[in-house]
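First the proteins, then the strands, lettered A, B, ... as listed; each starts at 1. Keep in mind that the numbers below use all heavy atoms, side chains included, and drop hydrogens, waters and symmetry copies. Please read all numbers here as calculations on a predicted model, not as lab measurements.
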Amino acid sequence: MSFAELQAPPEAVVQASAALDALDDAFVTGFGRLSSGNLEALASLQRSFAATPLAAAFAEAITGIGRSEFLDRHFLVLAAARSAIQGAVHDALVAQASAALGRPTPADEAIAGGHGQAAPPQAEVLLESARQWLMELALAGFANLDVDVILPFQATLDAIEEEPRLAREAALLAGLLGELLAVFPCRGAPEIPRMRWVDLWSRAMILAAGAPATRASRAVKGELRILGADLQQHDTFATLVVYASLHEAGQAAPRLCRASVSSFKVDVVQGAELGPIFAEVGKVLLSGLAVGGRILLDGMLLQEGGDLLWDDAKAELIGKGDPLAEAAAVLGAATPAQRPTLAPADRHPALIGELVYLAEGSYTVAGKGEPALTIDGANVAVAVERWPESEGLVVSDLAGSKGLVGLLRYDGGAWSIQPLTIAKGKAAPRMLASEIAAALGKKSSSSSLSTLKERAGKLLRKKR
Amino acid sequence: MIKPRSLARPRKVNKVPFVELYAGRLQGVVSSGSDPNRVYVSYFEAQSGNFYCSTNNNRPCGGLRGSPCKHLLALLDEALLQYGAARVVAYMGLGIEPEKVKRGGDLQRAMKGGPHKVEAGMVFSRFLTYLHYVNLPPTSAPIPEMGWFVR
Ligand SMILES: [Zn+2]
C-alpha cells in the first residue's frame, strides 16, 4: 500500500479536466448566446470525439446549435460526451487507486440477464418534459437564470417523484432544483458552482433519456458483516449507504458489497428522525448498523455491481460484529476484486468510494483546522466536506483513534479519505450514522415527522 | 465536484409547520393558537419588505393592522432557526449586520414594506407540495446520484 502514489492524479485526468472546463463555460454563458470562444471550444471538443461512436451525432449537434436549432437531442449528445469524459476519468482514477493500494481493479460479477426497460408511457411524458426544462436551463446559461425559468418545473418534478421507477431522476432533480432556488432570484452576480451544476445537469439529462437498464442480479445466501455507513442527503431526499463484506456459503473468499435505503423527506427531518423512515424498508439493516453487526442473508438479490437490493424478509440479525477486525481481514493484502462498482453509464470521479482500512499505528492525525492523515510519510486530506452531521461519528473522534475504515474519495483534483468507522480501543467503535439506527426503539410521539404527517392527512384529504 | 450544502436546521414544527425562502419571498404556514383546524398563510417579500397574512381560505388575519401580526413574527423567528441570520438577511436584501440579529423582531424592524394582499393559495400550494414529501414511500433501490449530495 503506497499512498505516496496518490499525491497527484494521472496526467490523462489533468488533460480531461481542461476539456471539461472549456465545455462548462458554454453552460454558464448559455447556449442561446454563445461567444465565438465558446463555439471554438465546442468544435475542439467535437474533434476529440471524431473517432468515437458519438462522432456523427456530435457533429450534428454542434451544427444544429450553431444554427439556433434547439432540440433536446442535441443537448443529450453534449451530456453524453461530457459523461464519457467523466467516465474515462473515473476509470483512470480507480486504476490508480487500486495500484497504489495493491489490490486488483474492481470487477463486476458476470451474471446473466439485465435488460433495458422502456419507461411506462406516463413516465416517458415526464422525462420529455424534464429534457425540455434542462435544455431551457442550458439555453439561458447558469449565470443568467431567472426564477421564471426555474419555477414552472416544480409541477413536473412532483409527478416524477410519484413514479417509483424514476426515483434516481427524482432525487437528483429535487437536489438540483433546490440548489438553483437557493441562489435565484439573485441581485448582482450569482455565485455558481460551475462544474458541479454542469455535472448534475449532465446526469439528469442522461437519466431523462430513458429509465436506466435494470442491472443483472442473483440471489445470495451467507453472512453479511457490516464495516461502516455513509449518509447522503439534501433538503428533500436522504440515502443511507451501508458497506459490508459478504461471506457466501460455499465460497472460499468473501466479497464486498453495498446496501442502501433512501427516502424523500422534508428539511426539518434530519439525523435520528430519519430512522423510522429508513426502517420501513431496512429495519434489519439499521439494527445491524447500530451494533456493527452480522446479518444472515437468505435469498437476497445481489446486483452485478455489488449492490444488495435490501429486503428485510430475507435478512436476520445474528449478533454483534467487529467491523475493524473484519476490515483488517478483508481489506488487507487479499482485498477481493469483487467489490462495489458503478454501472458504465454512471461512472464519475465524484462517485468513487474505494473502501480502505488503516491499522492502528499506520497513520497519524495531523492538521488543526483541516484534519489530514499522514500515512507512510504521505499526506492525505480527510474529506471533512463529505462528513455528514452525525452524532455517531464526529471529527474529534480521529484524535487518538486505534484504526479506521473509510472511503478513498476523489474531488477537486485530489484524493482524500472519508472515515466511516473509527476504533476507540476498549470502547465500541464509533460509526457514522449509527445514531439513526440506535434511536429506532425510542419512538418519540412529538417528532416533526408525525406532526407533519398529521397535518398532511388533514389538509391533503380536504384538498383532494 | 462536491459542494457541501448547509442543510436547513431542524426545528420544532408545531407552531410553524412550514417556512421557506422561495422565489424572492420568505413565506410559510403558522398554526392558529385557538383552532387546531385553522392555519395562517404568511409571507414577506424580499427587497420591498411587503407582507401579508390570511387564513388558508383567504380571510384576512385580524391581527394585521398596518404592521406584521404575531403569525408573521413567528414566521421570522422560525426562519432564523432554520436558515440562520446570515442567509435570511442576504435573501431578504436587508442592510443590517446578521450578527446583531437575535430574533424575528430584529428583522422586522429592518423591513420597510407595508401590507400587500396576495392570494393565500400561492403559498398554501407550496405547503401542500412540501407535505407530499412525507407521504412518498422509501426505497432500497441504489441511488448512485446521491453521492453528489453530501452532509
Ligand atoms: Zn396573522
key: B:W148/A:H234 aromatic ring centres below 6.0 Å   =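 Aromatic pair excluded; centres sit 6.0 Å or further apart.
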inquiry  = Counting only non-hydrogen atoms closer than 4.5 Å, does B:R25 touch chain A with its backbone (N, CA, C, O), its side chain (CB onward), both, or neither?
reply    =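 Neither part.
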message = Using heavy-atom distances under 4.5 Å, tell me whether B:F127 contacts chain A through its side chain, its backbone, both, or neither.
response =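 Contact with chain A is through the side chain of B:F127 alone.
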query = Pick from B:Q47, B:Q82, B:R87: which one has the most heavy-atom pairs with chain A under 4.5 Å?
reply =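 The answer is B:Q47.
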key: Contact winner vs chain A - B:V39, B:T129, B:V150, B:L21, heavy-atom pairs under 4.5 Å   =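 The answer is B:V150.
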ask   = Can you tell me if A:R455 and B:S31 form a side-chain donor-acceptor pair at under 3.5 Å?
value =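 Yes, B:S31 and A:R455 have a side-chain donor paired with an acceptor closer than 3.5 Å.
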If I measure from the heavy atoms of chain B, does [X] come under 4.5 Å with its side chain, its backbone, both, or neither?
X: A:R203; answer: side chain
X: A:D346; answer: side chain
X: A:L342; answer: side chain
X: A:F184; answer: backbone
X: A:E454; answer: neither
X: A:D267; answer: both

message = Does the structure place the NZ or CZ of A:R196 under 6.0 Å from the centre of the six-membered ring of B:F149, at an angle of no more than 45° from the ring's axis?
response =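 Satisfied, under 6.0 Å and within 45°.
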